Peer 1: 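Okay, handing you the structure first.
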Amino acid sequence: MLTEFLYLMKAELMITIIIFILLFLKLGSKEMKAENMLNFINVLLVINLAAGFFNIPTGNLFGDMFRTNELFTLEKNFLNFGTLIISLQSYDWLKNHKHVPEFYILLLSTLLGMFFMISSSNLLMFYLGLELSTIPLAALCNFDLHQRRSSEAAFKMIMSSAFSSGLLLFGISLLYGSTGTLDFHELTLQLNDNSLQIFSLILLIAGFGFKISAVPFHLWTADVYEGSPVAVTSYLSVVSKGAILFVIVSVFYNVFTPVANSWYNMIFLISVATMIIGNLFALRQQNMKRFLAFSSIAQVGFILVGLTAQSTEGSSSVIYFILIYIFSNLGAFGVISVVSAITGKETMDDYRGFYKTNPLLTWVLAISLFSLAGIPPLAGFFGKFFLLFAGAGKGNYSLIVIAALNMVVSLYYYLKVIKAMFMDANENPIEKIHSHWQPKIAMGICVGGILITGIASGAYNYIHSLLK
Amino acid sequence: MSSVPMSHILFVSTALFFIGMYGLFTRRNMITMLMAIELILNSVNINFVVFNKYLYPDKLDGIFFTIFIITIAAAEAAVAIAIIINLYRSHRSIDVENASEMKW
């Protein structure tokens, strides 16, 4: 019994152990230097990532509240990978910060919450994981303690996430009232199209929509992304959003199958609105973080197109796209975080003439933005191609046409940044940046991932085979 | 003993939910907004307890859920108040209209 527990909850226990090691280091009397601490933590995170690939467990625990299998382990590995990359990239920012262990304790707590959320097989367990992954994130948004914008962002984050979990909970309570169960398997058997269940489905989608910042519920996103430290912004936009999307895929495809027609229509409308509004607002942004916030809203719109497919192709293309999204978005955020940590510059005008002083960083940012826009040889193209292809399988071609038009619009604002970096002149450009080797490695991995993942088809086939 | 029909209690909890929502959108004081969110969570608690007591008295799922919601609401309030205190130090105010450096 105990060995089974240790084995099945391997990924969660690893994170818990790291959290406790950091707590003891913090409590210890000897003050460690920030650089040594960061190197030590990054080694721990590498070990944690590597451990995820061996001895993949399958089974249930706690009376079917917790389940794990090969697919969930793969998703957890994606999240571990994203966290490691973000940790490497934020080296230059964190080495001058006084509270390094606290930062990682909060960050890893949210990761632990996401793992429980992905593995949950019960609405109670799901809710607990969701809260564990959002409450510490609000504290993380406030991590630049003396900046007005940081605390404003944290306030907006905690209020909107508390409100959205209120909506989600009201939906769950009505679902409980109409079916009498919280377990996912029994829920599927009890669901039929009665109006109370449809109403609770609307509330659940609203709650989920807040967390992935789909359009009627996106208003907090840009402010929180702009005000938080860059490391937290990239974590919010990639890891946190990815975890919720994994859960949405598994919940909508496995639990809400009896009401598939109802949620299809809702997701269809949300997807169209998300793509259009995200793109239109991204056109007029001047702050780089805010610009990437709206671009990530638009990307969520494309992901929802894949979600409407309601087939194995749909779910595998969504999971595959999240892997690519981790590479491309973290590549872009890596450059922005290094520039912001060393020079403090974040607006688009500062990036004019960036190529003259930092050609290598410019190429990293350019490749990442091309991948986000979906230019053919890069991974982003294949990700979007699979999403739209899966969406087309449902036969709703108007959605595909809208998505394709939106890809053209999105190209305009990505190219605007690239033009500013390569072509525009600037009397006061960002000086030559000398970052530590760790952010460089992280950016190298991202660029490698963007170049390879699309062409090597192994990743997509592997995900597809797991979902069969 | 159980003379109160379920629909009456559900009416109270739904009213509480929408009062909380109204308060969250109209109040400009951060602490009051937090109280409005607590109202929403408490309406959910009432829902769970009522459904459990009237419809599924042989199971305890709803009661367990309520206990967890109360605990997490406390944690949420603690973090939110810490953030508000920190915000007060830099803004010298807890009015949301003053926390509007970032817009659009």
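When reading the values below, keep in mind they use all heavy atoms of this one structure, side chains included, and skip hydrogens, waters and symmetry mates. What you see is a predicted model, and the numbers here were worked out from it, not measured in a lab. Every chain is numbered from 1 and lettered A, B, ... according to where its sequence line falls, protein lines coming before strand lines.
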Peer 1: Counting only heavy atoms not in B/Arg28 (residues, nucleotides, ligands), do more than 12 fall under 6.0 Å from its CZ?
Peer 2: yes
Peer 1: Could you check which of B/Ile72, B/Val79, B/Asn45 has the highest count of heavy-atom pairs closer than 4.5 Å to chain A?
Peer 2: B/Ile72
Peer 1: Return the OG to CG distance between A/Ser173 and B/Asn52, rounded to the nearest 0.5 Å.
Peer 2: 12.0 Å
Peer 1: Using ring centroids (six-membered ring only for Trp), state whether A/Phe155 and B/Tyr88 fall under 6.0 Å.
Peer 2: no
Peer 1: Can you name the nearest heavy-atom pair linking A/Gly166 to B/Phe17, along with the distance?
Peer 2: O-CE1, 4.2 Å
Peer 1: To the nearest 0.5 Å, tell me how far A/Asn122 CG sits from B/Phe65 CZ.
Peer 2: 8.0 Å
Peer 1: Are B/Phe48 and A/Tyr176, when compared by the centres of their aromatic rings, separated by less than 6.0 Å?
Peer 2: yes
Peer 1: Relative to chain B, which of A/Leu128, A/Asn287, A/Asp183 shows the most heavy atom pairs under 4.5 Å?
Peer 2: A/Leu128
Peer 1: Can you tell me how far the CG atom of B/Asn47 sits from the CG atom of A/Leu169, to the nearest 0.5 Å?
Peer 2: 10.5 Å
Peer 1: Enter the distance from B/Ile83:CD1 to A/Glu152:CD here, rounded to the nearest 0.5 Å.
Peer 2: 12.5 Å
Peer 1: Any idea which heavy atoms bring B/Lys59 and A/Gly180 closest together, and the distance?
Peer 2: NZ-O, 2.7 Å
Peer 1: With a 6.0 Å cut-off (strictly less than), is the heavy-atom count around CZ of B/Arg27, excluding the residue itself, greater than 12?
Peer 2: no
Peer 1: Might you point out which heavy atoms bring B/Leu34 and A/Met159 nearest each other, and give the distance in Å?
Peer 2: CD1-CE, 3.6 Å
Peer 1: Report yes if the side chains of B/His91 and A/Ser151 come closer than 4.5 Å at any heavy-atom pair, otherwise no.
Peer 2: yes
Peer 1: Can you establish whether the number of heavy atoms outside B/Met35 located under 6.0 Å from its atom CE is more than 12?
Peer 2: no
Peer 1: Working to the nearest 0.5 angstrom, can you tell me the gap between A/Thr179 OG1 and B/Phe51 CZ?
Peer 2: 10.0 Å
Peer 1: Where is the tightest heavy-atom contact between B/Glu76 and A/Ser165, given as atom of each residue plus distance?
Peer 2: OE2-OG, 4.0 Å
Peer 1: With respect to chain A, which residue among B/Ile40, B/Ile37, B/Thr14, B/Asp61 yields the maximal number of heavy-atom pairs within a distance under 4.5 Å?
Peer 2: B/Asp61
Peer 1: Go through the atoms of A/Leu132 and report whether side chain, backbone, both or neither lie under 4.5 Å from a heavy atom of chain B.
Peer 2: neither
Peer 1: Find out whether B/Met21 and A/Phe163 are in side-chain contact, i.e. whether some heavy atom of one side chain is under 4.5 Å from a heavy atom of the other.
Peer 2: yes
Peer 1: Who among B/Val96, B/Ile84, B/Val44 has the most heavy-atom pairs with chain A under 4.5 Å?
Peer 2: B/Val44
Peer 1: If you tally heavy-atom pairs under 4.5 Å against chain B, which of A/Ser150, A/Pro136, A/Ala154 wins?
Peer 2: A/Ala154
Peer 1: Do you know which of B/Leu55, B/Ile69, B/Leu41 has the most heavy-atom pairs under 4.5 Å to chain A?
Peer 2: B/Ile69
Peer 1: Measure distances from A/Thr134 to the heavy atoms of chain B and classify the residue's part below 4.5 Å as side chain, backbone, both or neither.
Peer 2: neither
Peer 1: For the residue pair B/Tyr56 and A/Gly177, what are the closest heavy atoms and their distance?
Peer 2: OH-O, 2.7 Å
Peer 1: With rounding to the nearest 0.5 angstrom, report the CG to CG distance, A/Asn142 to B/Asn86.
Peer 2: 4.5 Å
